[in-house]
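Data first, discussion second: the structure below is written as structure tokens.
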Amino acid sequence: SQQGEEDPQALSIQEGENATMNCSYKTSINNLQWYRQNSGRGLVHLILIRSNEREKHSGRLRVTLDTSKKSSSLLITASRAADTASYFCATEGAQKLVFGQGTRLTINP
Amino acid sequence: DAGITQSPRHKVTETGTPVTLRCHQTENHRYMYWYRQDPGHGLRLIHYSYGVKDTDKGEVSDGYSVSRSKTEDFLLTLESATSSQTSVYFCAISESSPGQGRETQYFGPGTRLLVL
């Protein structure tokens, strides 16, 4: 019973372009988080946005949250080859963190 | 990987054999988690611990047991491994409790388990 669902499942863009990934969820949340996973590695926390926040920035990352639509987006600006990874949203509600299935992002040189 | 190690990193075993995976942390975080990651399913929670000797089941706990005798160690045991338990297993830790709106998890490097 996955709470978050990412869209698209896979995204391939040219280096320097912006990448946008979306996450939809079903129930009320305390916060929504984004994680990155490089191939063969564990997940790394990127950013957390609380339910009363609408937008948050961290370096080249911009996250938005629309609780009325139960959706979030992650924007990576000026993409680099090193951004190639899978990106997961995770929602925290009443209890444990629940992860989506991820978006596989490929940055082409 | 935030002071989290997992051992072994890779394991091949046969159906019906017991397997124990170990997660060790040096962060003194109270909460520890075991996930499995499979294509098409993302990360699914197996068991978690909220303190020494305090554990609870997650979404996919059948066939797995856990133990936590020390703050720094969280063991995952497959009592009798099956092919459906072939997966990548991740341990994670967090400082704050789930549901408080502050939880960030830190992940270990993973263990690749193949059950033949």
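Source: prediction; values computed, not measured. Numbers restart at 1 for each chain; the letters A, B, ... are given by sequence-line order, proteins then strands.
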Subject >> Single-linkage hydrophobic cluster A/Leu46~A/Leu32, side-chain heavy atoms < 4.5 angstrom >> reply: yes

Original post:
Would you say B/Leu21 and B/Val60 are hydrophobically clustered, going by side-chain heavy atoms of ILVMFWY under 4.5 Å?
Top reply: yes

Original post:
Considering residues, nucleotides and ligands other than A/Glu17, do more than 12 of their heavy atoms fall under 6.0 Å from its CD?
Top reply: yes

**OP:** Please round to the nearest 0.5 Å and tell me the distance separating atom CD of A/Glu92 and atom OG of B/Ser94.
**Re:** 8.5 Å

**OP:** Answer with side chain, backbone, both or neither: which region of A/Gln9 has an atom nearer than 4.5 Å to a non-hydrogen atom of chain B?
**Re:** neither

Subject >> 4.5 Å side-chain heavy-atom contact, B/Leu43 and A/Tyr35 >> reply: no

Subject >> For the student: nearest non-hydrogen atoms of B/Phe90 and A/Gln37, plus distance >> reply: CZ-NE2, 3.3 Å

Subject >> side chain to side chain donor-acceptor pair (under 3.5 Å) assessment of B/Gln105 paired with A/Gln33 >> reply: CA-CA 10 Å; B/Gln105 293 189 9; A/Gln33 303 177 35; over 6 Å; no

Subject >> More than 12 heavy atoms from other groups under 6.0 Å of CZ on A/Arg60 >> reply: yes

Subject >> Interatomic spacing from OH in B/Tyr35 to CG in A/Leu43 - rounded to 0.5 Å >> reply: 9.0 Å

Subject >> Side chain, backbone, both or neither of B/Gln37 within contact of chain A (heavy atoms, under 4.5 Å) >> reply: side chain

Subject >> Enclosure of B/Arg112 CZ (heavy-atom neighbours >12, cutoff 6.0 Å) >> reply: no

Original post:
With clusters built from Ile, Leu, Val, Met, Phe, Trp and Tyr whose side-chain heavy atoms come within less than 4.5 Å, directly or transitively, what are the remaining members of the cluster of B/Leu114, listed by chain and number?
Top reply: B/Val12, B/Leu116

